[in-house]
Peer 1: 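Mind looking over this structure? Questions follow.
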Amino acid sequence: MTLLEIFPSLRSGTPPRLDAAVWPRETHYDDEGRVTVGSVALADIADHYGTPTYVLDETEVRARCRAYRAVFPEARIAYAGKALMIRAVASWVAEEGLWVDVCSSGELALALAAGVPPRRIIVHGNGKTCDELRAAVRAGVGRIVVDSPAEITLLSALATTPVDVLLRLSPGIDVHGHPAVHTGVLDQKFGFPLGSEAAADAVARVLRQPNLRLVGLHCHLGSQIHDPDHYGEAVRRLVAEMAVIRREHGVLLTELDLGGGHAVAYRPGDAELNLTELAQVLEDALDAACARQHFPRPVLILEPGRAIVARAGVTLYRVVSVKHVEGGHTYVTVDGGMGDNPRVALYGARYDVVVANRHPCGPQMTATVAGRFCEAGDVLAADVRLPVDLRAGEVLAVPCTGAYHHSLASTYNSVGRPPIIAVADGRARELVRRETVEDLLRRDIAV
């Protein structure tokens with residue numbers, strides 16, 4: 001039995017731990033009690049670049065790419081760029097041997113500008129325009145995921161040389177996540193329902209086009225999936241469909257893209273997807289499904305995005321005020337909020353928060369970290385433990401903010417978006433600069 005178990009009152013004076021499940025692995029306290037990432041003090045970054053600021057650990061991103069390649073040596077790993085698409089990240093993941101998955105002409109342009117080989121780019125999305133498909137065809141991307149009958153028509157008109165396509169199917173698997181990210185159920189906007197007449201017609205139409213080569217099937221089950229059995233079930237259903245296509249059309253599909261959605265822990269104790277368990281489930285499911293259908297083993301494609309960059313990111317804020325409401329909450333207001341992190345408002349996401357400029361050892365309080373934007377729902381973290389002597393001007397750090405923060409950021413209240421600062425080996429460098437008032441005015445051309 002520990003002292004904390006014997007004397008629970010001591011817990012208020014226990015300094016917070018930096019849980020390895022939610023912080024970059026190279027996160028420590030320095031000799032001055034400050035939080036460091038990549039051997040750079042976060043308080044120094046806040047002082048030099050201002051706040052709010054996104055910090056991104058390059059070493060963590062690369063390590064996670066390598067982990068996927070090590071656990072899935074025979075699979076094709078494609079980084080889902082929507083999680084965080086900037087040139088530096090696209091370059092890092094490409095250097096680590098990953099493909100890049102994009103879903104707009106803007107993401108495609110960033111990937112190409114970063115030097116990603118076109119043949120290692122997958123293009124998908126449910127509303128690809130003619131211009132976006134034309135850009136993908138002209139760039140010579142490796143795969144285009146067909147999502148609707150209209151895309152088949154457009155691609156067949158645009159393609160003057162053979163284009164490899166994957167057909168997106170919704171396999172009817174409910175992972176019971178947030179309604180906004182239910183992408184594996186039948187009744188939703190993505191793809192064609194598995195087993196439907198629409199899906200059968202889409203296969204036949206693609207196969208009739210001389211410059212469209214159907215090489216495989218694609219699905220995406222949702223987000224924050226921590227149970228690997230869902231992916232095993234997707235393998236069983238889609239391999240069965242590939243067997244049907246071979247039987248009815250005499251065409252052997254060779255690729256099976258299971259999308260992403262791999263869960264990460266945002267707070268200590270959160271469930272996350274175990275890659276080793278996922279690999280075993282997929283191996284067993286492939287063996288069983290292919291044996292049952294007498295079907296050759298397809299190449300697996302996985303599209304992790306959040307699982308590559310989420311834990312590599314930390315967001316820094318400066319405390320603006322501390323307000324104690326009698327009979328109510330204690331509100332710690334910071335200089336950012338839903339403009340740089342809308343996930344709390346969109347999905348009810350929950351985060352951990354620590355003081356970055358010192359190592360607090362005194363009593364703690366339960367507080368709500370509120371944003372500076374003019375919405376009552378602008379809350380970054382509720383019911384977090386912070387020191388009772390927290391003061392305006394101190395720096396707070398929110399871990400696991402590398403995915404869907406910069407990507408979803410807005411200029412609400414005409415507040416510019418934060419910069420992205422990379423850290424590695426004791427050095428910090430700017431990847432994306434802060435958006436300024438001058439930037440906002442430059443786009444507003446009417447007088």
Side-chain angles (χ1 to χ4, degrees), residues 23-28 30 34-65 79 81-96 100 106-107 109-116 305 308-318 334-337 339-342 356-357 372 393-412 414-443:
W23 290 88
R25 62 199 71 190
E26 291 300 321
T27 305
H28 308 284
D30 67 9
R34 304 176 302 171
V35 179
T36 68
V37 174
S39 299
V40 180
L42 296 180
D44 287 346
I45 294 175
D47 289 344
H48 185 77
Y49 294 100
T51 52
T53 287
Y54 302 122
V55 178
L56 193 65
D57 186 342
E58 178 182 349
T59 302
E60 183 74 24
V61 173
R62 291 183 180 274
R64 289 190 166 266
C65 292
Y79 169 66
K82 63 180 181 176
L84 176 61
M85 178 51 80
I86 59 175
R87 284 185 291 181
V89 170
S91 176
W92 297 344
V93 300
E95 289 169 1
E96 297 299 335
V100 175
E107 289 186 355
L110 283 166
L112 294 173
V116 180
I308 297 291
V309 295
R311 200 174 79 175
V314 177
T315 304
L316 306 181
Y317 300 98
R318 190 81 65 176
V334 297
D335 55 0
D340 55 79
N341 180 6
N357 55 285
R372 53 83 47 86
E394 296 202 78
V395 178
L396 299 185
V398 181
C400 208
T401 56
Y404 301 106
H405 288 71
H406 170 78
S407 297
L408 290 171
S410 73
T411 57
Y412 184 46
S414 296
V415 176
R417 290 168 289 188
I420 302 178
I421 310 301
V423 293
D425 302 321
R427 300 177 58 189
R429 63 189 177 100
E430 194 173 41
L431 302 180
V432 177
R433 67 170 175 81
R434 186 179 303 279
E435 192 170 27
T436 66
V437 172
E438 289 71 24
D439 292 325
L440 302 179
L441 290 172
R442 194 172 295 119
R443 294 184 65 239

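Note that these values count all heavy atoms, side chains included, but never hydrogens, waters or copies made by symmetry.
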Peer 1: List for me each residue that meets side chain to side chain contact (heavy atoms under 4.5 Å, CB included) alongside L110, sequence neighbours excluded, and say none if there are none.
Peer 2: M85, R87

Peer 1: Show the nearest heavy-atom pair for residues A403 and V309, with the distance to one decimal.
Peer 2: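 Closest heavy-atom pair between A403 and V309: CB-CG2, 3.9 Å.
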
Peer 1: To check you understand the geometry: which heavy-atom pair defines the closest contact between A312 and V61, and what is its length?
Peer 2: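 Heavy atoms of A312 and V61 come nearest at CB-CG2, 3.6 Å.
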
Peer 1: Hey, could you give me the CD/CG distance between E26 and D57, rounded to the nearest 0.5 Å?
Peer 2: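 Separation between the atoms: 7.5 Å.
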
Peer 1: Nearest 0.5 Å, what's the CG-OG1 distance between D340 and T411?
Peer 2: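 These two atoms lie 12.5 Å from each other.
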
Peer 1: Just one of T53, V395, N341 clears the side-chain contact (heavy atoms from CB on, under 4.5 Å) bar with Y317, so which one?
Peer 2: N341

Peer 1: Does D44 use its side chain to pair, donor to acceptor, with the backbone of A41 at less than 3.5 Å?
Peer 2: no

Peer 1: What heavy-atom pair brings C65 and V93 nearest, and what distance separates the two atoms?
Peer 2: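 Nearest pair, atom of C65 first, then V93: SG-CG1, 3.6 Å.
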
Peer 1: Starting at CZ of R433, measure out to OH of Y49 and round the result to the nearest 0.5 Å.
Peer 2: 14.5 Å

Peer 1: Indicate yes or no: does R62 engage E95 in a salt bridge with an N to O separation below 4.0 Å.
Peer 2: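 Between E95 and R62 there is a salt bridge, with a charged N closer than 4.0 Å to a carboxylate O.
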
Peer 1: Does A424 offer a backbone N or O that forms a donor-acceptor pair with the side chain of T59 under 3.5 Å?
Peer 2: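 Judged by distance alone, no pair lies under 3.5 Å.
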
Peer 1: I'd like to know if R318 and D47 make a salt bridge, using a cut-off of under 4.0 Å between side-chain N and carboxylate O.
Peer 2: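 Yes, this pair counts.
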
Peer 1: Can H406 and I86 be said to form a side-chain contact (heavy atoms from CB on, under 4.5 Å), step by step?
Peer 2: CA-CA 9 Å; H406 170 78; I86 59 175; 3.7 Å; yes

Peer 1: Kindly indicate whether the side chain of V334, heavy atoms from C-beta on, has any atom under 4.5 Å from the side chain of L396.
Peer 2: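 Side chain of V334 against side chain of L396, heavy atoms only: contact under 4.5 Å found.
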
Peer 1: When you measure from the side chain of R434 to the backbone of P52, do you find a donor-acceptor pair of N or O atoms at a distance under 3.5 Å?
Peer 2: yes

Peer 1: Kindly indicate, with the supporting measurements, whether the criterion side-chain hydrogen bond (donor to acceptor under 3.5 Å, both in side chains) is fulfilled by T51 and D335.
Peer 2: CA-CA 7 Å; T51 52; D335 55 0; 2.5 Å; yes

Peer 1: Identify the residue among V423, I421, V37, L84 that makes a side-chain contact (heavy atoms from CB on, under 4.5 Å) with L56.
Peer 2: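 That would be L84; it is the only one of V423, I421, V37, L84 passing the side-chain contact (heavy atoms from CB on, under 4.5 Å) with L56.
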
Peer 1: Would you say the side chain of E96 lies within less than 4.5 Å of the side chain of R64, judging by non-hydrogen atoms?
Peer 2: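 No, their side chains stay 4.5 Å or more apart.
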
Peer 1: How long is the span from the OG atom in S407 to the CD atom in E107, to the nearest 0.5 Å?
Peer 2: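 So the gap between those two atoms works out to 7.0 Å.
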
Peer 1: For the atom pair CD (E58) and CG (L431), what is the distance rounded to the nearest 0.5 Å?
Peer 2: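 Going from CD on E58 over to CG on L431, the span is 8.0 Å.
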
Peer 1: Can you tell me how far the CD atom of E60 sits from the CH2 atom of W23, to the nearest 0.5 Å?
Peer 2: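 So the gap between those two atoms works out to 12.5 Å.
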
Peer 1: For V314 and L42, run side-chain contact (heavy atoms from CB on, under 4.5 Å): C-alpha distance rounded to whole Å, both residues' side-chain angles, the deciding distance at 0.1 Å, then the answer.
Peer 2: CA-CA 9 Å; V314 177; L42 296 180; 4.0 Å; yes

Peer 1: Which heavy-atom pair separates A46 from L316 by the least distance, and what is that distance?
Peer 2: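 Looking at all heavy atoms of both residues, the shortest contact is N-CD1, 4.0 Å.
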
